[in-house]
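Following: one structure in C-alpha cells, then a few remarks.
Remember, predicted model here, so these are calculated numbers, not experimental data. Protein chains get the first letters and strands the later ones, always in sequence-line order, with residue 1 at the start of each.
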Amino acid sequence: MSIVTLPFGPQHPALEEPEHFRFKVDGEIIVDVEVRLGYLHRGIERLMTTKSYIQNIYLSERICGICNVAHTTCYTQTVEQLAGVEAPPRAQYLRLIVNELARIHSHLLIIGLAAEEIGFETMFMWIWRDREIVMRLMEELTGNRVMSGYNTIGGVRRDATEKFINMFKKKTPVLKESFEQIKKVFEEDPIVRKRFVDVGILKKADAISLSAVGPTARGSKVLIDVRYDDPYQAYKEIPINVITYDEGDSWARMMVRVDELFESLRLIEESIEKMPKGDYRKTFPRRLPEGESIGRVEAPRGELIYHLISKGGEKPFRIKVRTPTFSNLLPIATTFKGETIADIPAILISVDPCFCCTERIEIVDINKGKVWYTSRRELSRLYRRDQK
Amino acid sequence: MAENDEKIADKVRSIVGDRGEVHLKGKRRIYIKTSKDVLLKVIKDVIDNMGETYVSAITGVELEDTIRVYYHLWNIRSKVLLSFIIDLNKEAPEAPSLTSVIPGAMFHENEAYDLLGIKFTGHPNLHKHFLLPEDTPSDFFPLRSNFKGGEK
Amino acid sequence: MASGSYALEGLLKWARAKSPWLLHMCAGGSCNGCDIELAAALTPFYDVERFGIKLVGSPRHADILAVTGGPNKKTATRLKRIYEQMPEPKVVVAIGTCAVDGGIFRNSYNIIGGVDKVLPVDVYIPGCPPRPEAIIHGIYLALKKLYGGDFLGRKR
Amino acid sequence: MSFMPKIIGGVIKQVLRRPVTRKYPLEKSEPSEGFRGRMEFYPELCMGCGLCERDCPTGAIKMEFYPNVKRRMPKFYYGLCIFCYQCIDSCAWNAIKPTTRFELSTYNKEELRERVPDEEAPPLKPRKPEKRLYFR
C-alpha cells in the first residue's frame, strides 16, 4: 500500500500553539506523524526583555487568552519570589478564586469543543450557553470577560464586591446542575463513548517519560498537580484532592476535566468563606535586585513554568515561559500511531491543545494524483457514513 | 516543609558526590551545578535513586562569556524541582541531549536550538525551522545578544 | 429589460445582505482571546445566526473575512491566499487590537504589524478582546458599508 | 432504542424553556459597571508627569508638548490600546477616568486617535497628588 502523507494544516492557527501535523498514512491507519509548530510564534521571550516588569504583566497575560489568569499568577508570583515579597493573605484567596473561575471557563470551553468535534452541536451550544454565566462572573469580578488583568505584582487590583459574591451564590446551583448534565452525557451517551473510549491510549510509563502534564497525564494515572505537590498562594490553606483516571484514553482525559469542574466550584465556595479581611495589594519597588526565581502554577492545561533571571534594574534579563501545551504535544503525537484518520480530531481535542480547530485536512492521494480539501466536519460525516 | 527539603538536598548531595555542587534555593528548588560531560551520568544516577522524574523545562540563556543551560526536572515522589546547570562556550555551544535518558526533552531541545543555537548531540531530529518561519536564514538566533534583525 | 436586471440586482443584494457568511482566520500574532469571543458570539447567548451570519470553513462561500491577530511572517502569505480565494462582494473585518495595529506584540521580530499591512481592511474593531456585542457592532458596520442601508430590520 | 423515553423528557424541558438569547442591537446591553471600556482624559487635572506613557505596555500613549500653554499632555491611540487601565493606576492625579463604552469600531484608523486640540489646552494648575501609587 502506498504511504500517503497527509498534511493536517492549521487553516485556523487560532490559539496558543497551532500545529501542522504531517501524518504518514497507510490507507486508513496512521503510520507516523511529524509535528511542525511556529504559526503563532510571536517572539515573546525576546519582547519581554525590552519591557519593564509592570508592562510584562500584560504581555505575559496575552500569551494564551484562555488561561491568561494562570500566566499572570505565575508571572507575578515569580517576580514576588525574586523580590522576597509575599502577597497579602486576602490577595492570595482572591487569586485562588479568579484562577478557579478561569479553570471552569477553560474546561467548559474545551468540553464544548470536544462535543462539537464529534458532531454533537447541541451539546456544544448548551455547554457554551452555561459558560456565559461564568463569563459574566469573571466580568463582574475583574472587569473584562476574558483578559482579566486582575493580578498585579504585589497583590490584585480590585476587591471582590458583595455584588459578585451574591451573584456567585445565586448562580452556583445552576452551574452544578449543568455540570451534572455534562457528566451524565459523557458517561452514558453511546455516541460520545464510541468516539472517545479506547482512542489515543497513553500508558502511564509513556506519560512520565514523555513528560505529559496536567489532565493529559492525570488521565493516565500520573498523580501530578502543582496545586497539590507544590502549593502556592491560598492552596496551602485549602487542600485539594487530585482527580486521576487510569484508562489513559481520550475519554479518561475528558472525564478528568469534567470532575475538575466540581472540584473548582467547591474550591471557590470554600475560599469565599475563608477569605480574611484586610488590604488586597502591597506597594512594590520598580527596580528589582539581581537574582533568579522559578514560579510554577497549575494552568487549566497543566503545569506552567516561569523562569526569571534578572541582572537588577527595571527590565528582566531573561524570562523562560514553558506553556503546558508545549510539553503535551509529544505524548499525544506518539498516541496517533495505529489510529485511523477519523480519530485524529477526537485525540487532538482530548489533550486540550491550545489551538482551537485544525480545520483543514488536505488528503493527497498520490496514485490518483487528486488533491481534495476536506474540513473536519466533512471528515466526521465521512466516518459516520461508512460506520452505519 | 523546609527541613524535608533539607533532607532531600542532602540525599541529592550524596548521589551527585563531587561531580557537582548542590544548593537549596527556596522551597522545593534544588540547583545542581555540574559540567557538560558528566551531566547525563549524574541525571541518570539521580533518577535511578529518586524514582519517576519528568522534564519540566529547559532554559537557555546567554551570559557575558558563556551560554548557560538549565535542565529543570520535577521529581514526583519527593516533590522537588531539580535544576541541573551547565555552562557552554559561546562560539560553538554543544550540549549532550537528554532524550536518551528522558525522551520528553525532545521538543524543549528543539526550541533551544532554534532560538539560541545550542546543538544537542544525540538528538533524534534537530532541525532548524522548528518554531521560526521557513525563510529565516540558518544563523538567525533571536535570543542571542548579537541578534540585530527584526527590532522595529 | 433594464428594470428586470435592476430588480434582479436588488433581489441579489437583499439575499446576500440577509445571509452574510463569515470565515474566521487567525493571522498568527493572536492569543485566542478574540477567537473565543467570536465563537461566543455564535453561541445561544449572543446568537449572530439571527442575522444569518454563519461560520463557514472554506473561503469559497464566505462574504466576511474576520481576521484576529496581527499577521506574522509565516501566516502573511496564507492570509493573502485566503483573501484572494474569496468571491467578490467581500469585506475584511479586523477584530481586536492585535489585528488593528499589531497590539502588544507590535515590535517583535516575527510580527509584521496590523492586518492592513497585508489586506485592505474595511472595519477595525479595537478591544482586547472586543466584547461579542462590539464584534456584532463591527460586522454591522461592515455590512452597512457593503450593502448600504440597515439590514437589522429596524424601521428607521 | 432504550434511551428514547429519556430523550423525550429532555427535549420537552428544553423546548418549553425561555430562550436565552439577548437581542443585542434591538435591546441595549449594559456591561457590569466595572467593565473596562474606553478611557476619558481630563486635561485640566493632568500634571504632565509622563508616568502613563512609561507604564503603557503597548505604547498607545505619547506625551506631546503644547507650546502655547507650555506643558506636556498625553495623546491616546485606541488602535493600540489594550484597555488594561494601567495608565489609570499610574496616574496620581486621576486625570484619566474609566468608562464602560465598548462600541468603538470605525472605518478608518485615524478616528481612533484622540488628542486635546491646541486651543482647548487648559493652563497647568499645580496640585498635590490625589492617591499614593503602588509602584514606587
- Decide whether a cation-pi geometry holds between C/Lys18 and C/Phe51; the criteria are a distance under 6.0 Å from NZ or CZ to the six-membered ring centre and an angle within 45° of the ring axis.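 Output no; distance or angle outside limits.
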
- Query: Think D/Arg71 forms a cation-pi with D/Tyr66, using NZ or CZ under 6.0 Å from the six-ring centre and within 45 degrees of its axis?
  - Reply: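 Not flagged: D/Arg71 not positioned over aromatic ring of D/Tyr66.
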
- Task: Name the region of D/Cys81, side chain, backbone, both or neither, that has any atom closer than 4.5 Å to a heavy atom of chain C.
- Result: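 Contact with chain C involves the backbone of D/Cys81 alone.
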
- Query: So what's closer than 4.5 Å to chain C heavy atoms on D/Phe83: side chain, backbone, both or neither?
  - Reply: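 Contact with chain C involves the side chain of D/Phe83 alone.
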
- Message: Return the CD to OG1 distance between C/Glu49 and C/Thr43, rounded to the nearest 0.5 Å.
- Response: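 Between atom CD of C/Glu49 and atom OG1 of C/Thr43 there are 10.5 Å.
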
- Query: Quick one: do D/Arg22 and C/Glu133 make a salt bridge, cutoff under 4.0 Å?
  - Reply: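 A salt bridge is present here (some side-chain N lies under 4.0 Å from a carboxylate O).
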
- Item | Greater than 12 external heavy atoms within 6.0 Å of C/Trp21's CH2 |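 It does not: C/Trp21 CH2 has 12 such atoms or fewer within range.
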
- Between C/Cys34 and C/Thr68, which heavy-atom pair has the shortest distance, and what is it?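 Minimum heavy-atom separation between C/Cys34 and C/Thr68: CB-CG2, 3.7 Å.
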
- Query: Which heavy atom of C/Leu38 sits nearest a heavy atom of C/Ala66, and at what distance?
  - Reply: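 It is CD2-CB, 4.2 Å.
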
- Query: Can you tell which of D/Leu104, D/Thr106, D/Val20 has the highest number of heavy-atom pairs within less than 4.5 Å of chain C?
  - Reply: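 Heavy-atom pairs under 4.5 Å are most numerous for D/Thr106.
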
Are the side chain of [X] and the backbone N or O of [Y] linked by a donor-acceptor pair below 3.5 Å?
{"X": "C/Thr97", "Y": "C/Gly103", "value": "no"}
{"X": "D/Ser90", "Y": "D/Cys87", "value": "no"}
{"X": "C/Lys90", "Y": "C/Tyr83", "value": "yes"}

- Mind ranking C/Asp116, C/Ile135, C/Val121 by heavy-atom pairs under 4.5 Å with chain D and telling me who comes out on top?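 If we count pairs closer than 4.5 Å to chain D, C/Asp116 comes out on top.
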
- Task: Can you tell which part of C/Asp122 gets under 4.5 Å to a heavy atom of chain D, answering side chain, backbone, both or neither?
- Result: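 Contact with chain D involves the backbone of C/Asp122 alone.
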
- Task: Select all residues of residues 107-130 of chain D having any heavy atom within less than 4.5 Å of some heavy atom of chain C, and report them by number, or 'none'.
- Result: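 Those residues of residues 107-130 of chain D which have a heavy atom under 4.5 Å from chain C are D/Tyr107, D/Asn108, D/Lys109, D/Leu112.
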
- Pull out the residues in residues 30-62 of chain D that come under 4.5 Å of chain C, heavy atom to heavy atom, sorted by number.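 Answer by number: D/Pro31, D/Phe35, D/Pro57, D/Thr58.
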
- Message: Would you call the rings of C/Tyr140 and C/His137 parallel, tilted or perpendicular, taking 30° and 60° as the class edges?
- Response: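 C/Tyr140 and C/His137: tilted rings.
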
- Message: Set out, in order, the CA-CA distance, both residues' side-chain angles and the distance that settles side chain to side chain contact (heavy atoms under 4.5 Å, CB included) for C/Asp47 and C/Leu42, then state yes or no.
- Response: CA-CA 5 Å; C/Asp47 201 0; C/Leu42 295 161; over 6 Å; no

